[in-house]
Amino acid sequence: SVYGTNAGLIVSEVGGGGNPRVWRTKDGLLWFSSERGLVRIDPATLRKNSVPPDVVIERVTVDNNPVRADTLVVVNPGNTKVEFEYTGISFSAPERVRFQHRLVGFEEEWEDVGVKRFVQYTNLPPGEYTFRVRAANTDGVWNEEGASLAMVVVPAFWQTAWFLTLAVLVFSLAGPSVYVLRVRMLKQENAKKQQFSRQLIERQENERNRIAREMHDSLGQELLVLKHRIQLSLRNPGDLEMPKETLQGYSDSVSGILDKTRQISHDLRPPELDQLGLSETLRSILARVRAANRFELVGEIDEIDGVFARGEDIHVVRILQEALSNAIKHSQA
């Protein structure tokens with residue numbers, strides 16, 4: 001047991017500068033030295049308190065709002081904090097009554113909190129609970145029955161069984177539909193990719209065919225004419241000197257072949273693009289088309305060098321070439 005001034009002692013702590021501090025006399029009395037004098041205790045007069053303290057739940061609050069402590073405590077959706085205040089009634093050292101509490105349904109074991117007289121719970125899951133508290137007097141005699149109070153935490157509508165059942169039902173019905181829709185979307189995306197790939201391959205093939213036709217119709221014909229002229233000259237080996245007109249014809253044919261070769265190479269990738277930049281390349285394309293056609297062509301090109309990443313500028317060139325080609329073919333200008 002622990003004794004203090006409320007038990008009749010003149011001080012709450014004994015012990016001073018003297019030595020020894022505790023004496024036990026032959027008659028069994030205990031003597032203690034203190035700063036305020038001697039303290040005597042007769043162990044024969046000490047009696048154990050065998051009466052357990054009564055336990056009372058004094059106050060319950062939900063989100064700091066008081067509720068009745070003698071009925072069922074209801075915690076509605078949106079409430080997050082529940083606090084219990086309790087006490088133990090003992091006529092012997094009531095301030096040293098010790099407590100244990102437990103929230104049945106949430107806690108498995110009793111929690112020993114000493115002389116603390118309140119407990120707080122936050123964010124409890126939906127369900128039914130029972131708050132129990134018990135107390136012991138200074139001699140360790142427990143009131144095992146203690147006090148108890150039932151409590152229910154009401155679930156929100158999305159936490160109820162009917163909502164969860166409905167959600168499972170909706171998911172079970174909608175799941176296959178969502179899956180089918182997703183598969184359909186993936187198939188459509190895949191079909192678009194395949195279509196784009198086919199168009200890309202077709203475009204590449206058309207470009208190859210165009211280059212092949214130009215080489216056949218332009219370079220091929222020019223080379224064939226030049227070949228025939230050379231063969232005709234070889235049939236007259238006695239003529240050591242060729243007429244000036246013949247040599248000039250050969251030169252003109254070679255020049256035409258070179259021009260056609262440059263034009264085909266230019267269409268594949270204009271050399272100005274690497275030498276002068278995108279802006280000058282576009283201006284040169286407009287100038288060539290303007291010079292090769294009879295209709296009036298007006299174009300304004302801003303300074304756009306560096307706007308596009310390297311490798312993307314050729315796409316701008318292709319767009320302009322295609323637009324001009326379509327205009328020449330279909331505008332009937």
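The first residue of the sequence shown is numbered 1, and numbering continues consecutively from there.
- Side-chain contact check for Asn49 and Asp139: no donor-acceptor pair (N or O, by modelled atom type) lies under 3.5 Å.
- Taking Ile328 as the reference, Val289, Asn293, Phe295 meet the side-chain contact (heavy atoms from CB on, under 4.5 Å) condition, with sequence neighbours excluded.
- Annotation: the span from Leu103 atom CG to Glu111 atom CD amounts to 11.0 Å, rounded to 0.5 Å.
- Ring planes of Phe131 and His101: tilted class, angle from 30 to 60°.
- A donor-acceptor pair shorter than 3.5 Å cannot be found between the side chains of Arg132 and Ser148.
- Under 4.0 Å is where a charged nitrogen must lie from a carboxylate oxygen, and between Arg283 and Glu280 at least one such pair does.
- Cation-pi check for Lys116 over Phe118 is met; the charged atom lies under 6.0 angstrom from the ring centroid and within 45 degrees of its normal.
- Within 6.0 Å of atom CD in Glu108, 12 or fewer heavy atoms from other residues, nucleotides or ligands are found, so the atom counts as exposed in its surroundings.
- In summary, the side chains of Arg318 and Gln321 do present a donor paired with an acceptor at a separation below 3.5 Å, with no hydrogens or angles considered.
- Qualifying side-chain contact (heavy atoms from CB on, under 4.5 Å) partners for Glu144, counting only residues two or more places apart in sequence or in other chains: Arg134, Trp142.
- Between Ser90 and Asn137, the side chains place no donor N or O within less than 3.5 Å of an acceptor N or O (distance only, hydrogens not considered).
- With hydrogens and angles disregarded, a donor-acceptor distance shorter than 3.5 Å links the side chain of Asp63 to the backbone of Lys81.
- A 6.0 Å sphere centred on CD of Glu312 holds more than 12 heavy atoms belonging to other residues, nucleotides or ligands.
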